[in-house]
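Structure record follows, encoded as structure tokens.
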Protein chains: 2
Amino acid sequence: MIVTIKDVAKEANVAPSTVSRVISNSPRISEKTKKRVREVMEQLGYHPNFQARSLAAKSTQAIGVIMPNSAFHAFQNPFFPEVLRGISTNAHTNKYGIYLSTGSTEDEIFEEVTSMVQGRRVDGIVLLYSRVNDKTMKFLQEADFPFTVVGRPDENEERVTYVDNDNIFITKQITNYLIKLGHKNIAFVGGSLDFVVTIDRLNGFKLALSEAGIPFNDEYLVNEELIKENGKKAITALMNLQSPPTGLVTQDDLIAYEIISHLEDMKIRVPDDVSIVSFNNLLLSEHSKPSITSVDIAIYQLGFEAAKCLIEIIKNPDLLPRRITIPTKIIERKSCANNKNIPM
Amino acid sequence: MIVTIKDVAKEANVAPSTVSRVISNSPRISEKTKKRVREVMEQLGYHPNFQARSLAAKSTQAIGVIMPNSAFHAFQNPFFPEVLRGISTNAHTNKYGIYLSTGSTEDEIFEEVTSMVQGRRVDGIVLLYSRVNDKTMKFLQEADFPFTVVGRPDENEERVTYVDNDNIFITKQITNYLIKLGHKNIAFVGGSLDFVVTIDRLNGFKLALSEAGIPFNDEYLVNEELIKENGKKAITALMNLQSPPTGLVTQDDLIAYEIISHLEDMKIRVPDDVSIVSFNNLLLSEHSKPSITSVDIAIYQLGFEAAKCLIEIIKNPDLLPRRITIPTKIIERKSCANNKNIPM
DNA sequence: TTGAAAGCGCTAACAG
DNA sequence: CTGTTAGCGCTTTCAA
């Protein structure tokens, strides 16, 4: 029922090895034979068996994509689909398949990755996150298995190939933007400090403040998870501070969006009373009211390049580690205004 | 360097087959031997090779997930991530991996599916769409390959297992909701009529109209793709009709969202001037201004059940085809109002 | 330019 | 309860 290389061989009066060579388009086979074999393959409806091929050739033609364990909670967030789109576009043109890993705890992820690697399910891996002290990344390094990271690795930066934005720089820029509008009381709404991206952005944020001579205020550091759990409460607490912030730097348009909604419920107007800037530049940021000033981090590119680098490494394991920085762009919209609380 | 079943066997002083049996936890092996073998596996860091196992056992422990070719354009839409989340949750608990297919044209998808099937890359397939006259689905049926569909198949409905909402019913309901608010001029904003979901919903829509004695007006049929391309133009055209609609039924919150934004630009207020209902009940629908009345179609469940059914079929190919209907719920919010253009 | 044969790592009869 | 053996379908030396 299943047509194998042997069937083709028999039908075409050649050896199985010849058929194999035709499949890989070996130059050592005459065009004539190739043609005949191909016709038989067509006629018999032959399709190569991936497992057998992988087993013999020790290559799977598939790459593994590892989501962070929090991704699924935040999966209504278009970051992951968009980065996946970039990855899959590139993988596909290189004839690689995509194997998705979706563990829901750190240990589960680790388990999945080790079994993917040791079990030779994939030829390489794209890590869609970078967290502090990540055993999965350590494992990959120690196993010397091809992998690339979307985000900056916490350690051994110069020994892994990764694709990232310049988060420190761009966060400094966007914070400066608020400062130039006259804001001094600026809050930073970020995710867990376990993620390198949060660390980098917070550093960029602090850098901007210190250069402007504004002291950093711990009370203005808001945890993103808190917002997701009970946004109303978190925002209320923030805005009820002795001197509430007039500017907000958030990590994601969706969060910005939710915050704005809560603020409006509290009769605090954006941008009149509070200015807000954000990251990711999702489609909706343009259509929301107010439209959100957001950093376009080129999510698709991040994925595309990560896949590209990975496939290059798979094909040539001796390639030197490199860092690719995807440029960002501030998209100015209507969520910011001059600070009216202070004399200009 | 790579540790195989043989290494484990040698180290544990048993035959390879015994190790194999330990892996599959065969009841015919003594607990004592199992323990010893497991210790050796642990100690040697053994991981089974998937390819070899697949080849010998003719099962891959992976399911393929096929996106519609338009999905990636619409990939900022959280539908796919959410349905994927459902699929992966179920697959994962059943120890199945997920193989993602992301062709960008119909032919590419077909090609990917045939090679997945014939090349035995996966044990079964979840189709994330149902379109009219789809050759991919036909192929799967003819090949008698395990698959399930999210959505209602165009043909041979009784011969395939699928998971869907009752789209006709729910669209009728939601349209009735507008009708009861006094709306008579109601537009339907939908995707391509190649998709069964659009057909079903349009039918539900028409049903509601005809039961209310409202004639169906072709001019009120708006193509979703048009909105995505040039929303402003499409909306302007619609609202410039002789008698513009006062009610809108859209297929997706994101679209609803964009339409509202354009309407506001035109100084048409929602819900005061135009009421709008939608589908999917995305997170943002709650926080948008106005919040959107939307049908919660339980996307996660759709994916979860589709994976569940598929895995059941894989394990038992003789299972009869069945249809699973996931209940929906109308979430009433603030995007609708009584129609003020007509005397109540 | 082609064929024969060994083997990738595992499973599954069949024996014992 | 465990070992022996024969493949799964393909690639890849080595030989011709």
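Below, each value reflects all heavy atoms present in this structure, side chains not excepted, and no hydrogens, waters or symmetry copies. A, B, ... follow the sequence lines: proteins, then strands. Residue 1 opens every chain.
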Exercise for the section: For A:Ser26 and A:Val22, indicate whether the former's side chain and the latter's backbone hold a donor-acceptor pair under 3.5 Å. Expected result: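 Here the side-chain-to-backbone pair does not exist.
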Send over the distance from [X] [atom1] to [N] [atom2], rounded to a whole Å.
X	N	atom1	atom2	value
A:Asp7	D:dC8	CG	P	11 Å
B:Lys10	D:dT2	NZ	P	20 Å
A:Phe50	D:dT11	CZ	P	11 Å
A:Ile5	D:dT11	CD1	C1'	8 Å
A:Lys6	D:dT11	NZ	P	14 Å
B:Arg121	D:dC8	CZ	P	22 Å
B:Arg120	D:dG9	CZ	P	9 Å
A:Tyr46	D:dG9	OH	P	10 Å

Practice task
Measure the angle between the two terminal helix axes of the helix from C:dT1-D:dA16 to C:dG16-D:dC1, five base pairs each, and quote it to 10°.
Solution key: 30°
Handout entry: Heavy-atom neighbours of A:Arg323 CZ exceed 12 at 6.0 Å
Key = no
Problem - Within 6.0 angstrom of B:Lys35 NZ, more than 12 heavy atoms from elsewhere - result: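 No, the 6.0 Å shell around NZ holds no more than 12 heavy atoms from other groups.
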Rounded distance (nearest 0.5 Å) linking atom [atom1] of [X] with atom [atom2] of [Y]:
X	Y	atom1	atom2	value
A:Leu310	A:Thr148	CG	OG1	4.5 Å
B:His92	A:Ser104	NE2	OG	7.0 Å
A:Ile324	A:Thr161	CD1	OG1	8.5 Å

Problem - Side chains of B:Glu157 and B:Tyr162, donor plus acceptor under 3.5 Å - result: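 Yes, a side-chain donor-acceptor pair sits under 3.5 Å.
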Problem - First encountered from the 5' end of DNA chain D, between B:Lys58 and B:Asn13 - result: B:Asn13
Practice task
Please tell me which of B:Ala56 and B:Val14 maps to the more 5' nucleotide of DNA chain D, matching each residue to the nucleotide holding its nearest heavy atom.
Solution key: B:Val14
Exercise for the section: Locate the shortest heavy-atom distance separating B:Ile109 from B:Pro68; write the atom from each residue and the value. Expected result: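 Result for this residue pair: CD1-C, 4.1 Å.
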Handout entry: Minimal non-hydrogen separation, A:Pro153 against A:Val196, with atom names
Key =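 For A:Pro153 versus A:Val196, the nearest heavy atoms are C-CG2, 4.4 Å.
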Completion exercise
DNA chain C: first to last nucleotide in contact with chain A (atom under 4.0 angstrom from a heavy atom), 5' to 3', is C:dT1 to C:dG9
Problem - Contact nearer the 5' end of DNA chain C, comparing B:Thr4 with A:Ala15 - result: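 Looking at DNA chain C, the more 5' nearest nucleotide goes with A:Ala15.
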Practice task
Using a strict cut-off of less than 4.0 Å between a Lys/Arg side-chain nitrogen and an Asp/Glu carboxylate oxygen, indicate whether B:Lys135 and B:Glu106 qualify as a salt bridge.
Solution key: no
Problem - Heavy-atom check, side chain of A:Val122 versus side chain of A:Ile63, under 4.5 Å - result: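 Side-chain contact under 4.5 Å: no.
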Fill in the blank from the handout: Expected list for residues 17-30 of chain A near DNA chain D, using heavy atoms below 4.0 Å, is A:Ser17, A:Ser20, A:Arg21
